[in-house]
Amino acid sequence: MNEADLGELVRLLQAHTPLERLSNMEARTVFEFMAQRGYQIAKVS
């Protein structure tokens, strides 16, 4: 997932889920940790 897609995902989740409590940096850290653990985050068309 590229930087622009990650930013879009974070903003979408902050707007529509309890993730709004996390800062942008905290949310990105969560996704980076998930990627390190082998999760694949993909944009669905």
Side-chain angles (χ1 to χ4, degrees):
M1 176 172 282
N2 65 36
E3 189 68 25
D5 288 341
L6 179 58
E8 182 181 341
L9 176 60
V10 168
R11 285 187 298 277
L12 177 70
L13 291 173
Q14 285 174 327
H16 300 287
T17 70
L19 187 63
E20 68 186 354
R21 297 178 199 161
L22 296 179
S23 70
N24 194 356
M25 186 185 338
E26 290 169 329
R28 288 173 178 268
T29 301
V30 169
F31 288 116
E32 289 174 11
F33 179 75
M34 289 173 64
Q36 290 173 359
R37 294 288 186 209
Y39 287 92
Q40 294 183 354
I41 303 165
K43 188 173 185 178
V44 179
S45 304

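The basis for the numbers below is simple: all heavy atoms, side chains too, and nothing from hydrogens, waters or symmetry mates.
Side-chain N or O atoms of R37 include none that pairs as donor or acceptor with a backbone N or O of F33 at under 3.5 Å.
To the nearest 0.5 Å, atoms CD (E8) and CG (N2) are separated by 9.5 Å. The distance from atom CD of E32 to atom CE of M25, rounded to the nearest 0.5 Å, is 10.5 Å. Atom CG in L6 sits 7.5 Å away from atom CD1 in I41 (nearest 0.5 Å). If you take CG on D5 and CG on L12, they are separated by 12.0 Å, rounding to the nearest 0.5 Å.
Closest approach of N24 and Q14 over heavy atoms only: N-NE2, 3.6 Å. Across V10 and A27, no two heavy atoms sit closer than the pair CG1-CB, 3.7 Å.
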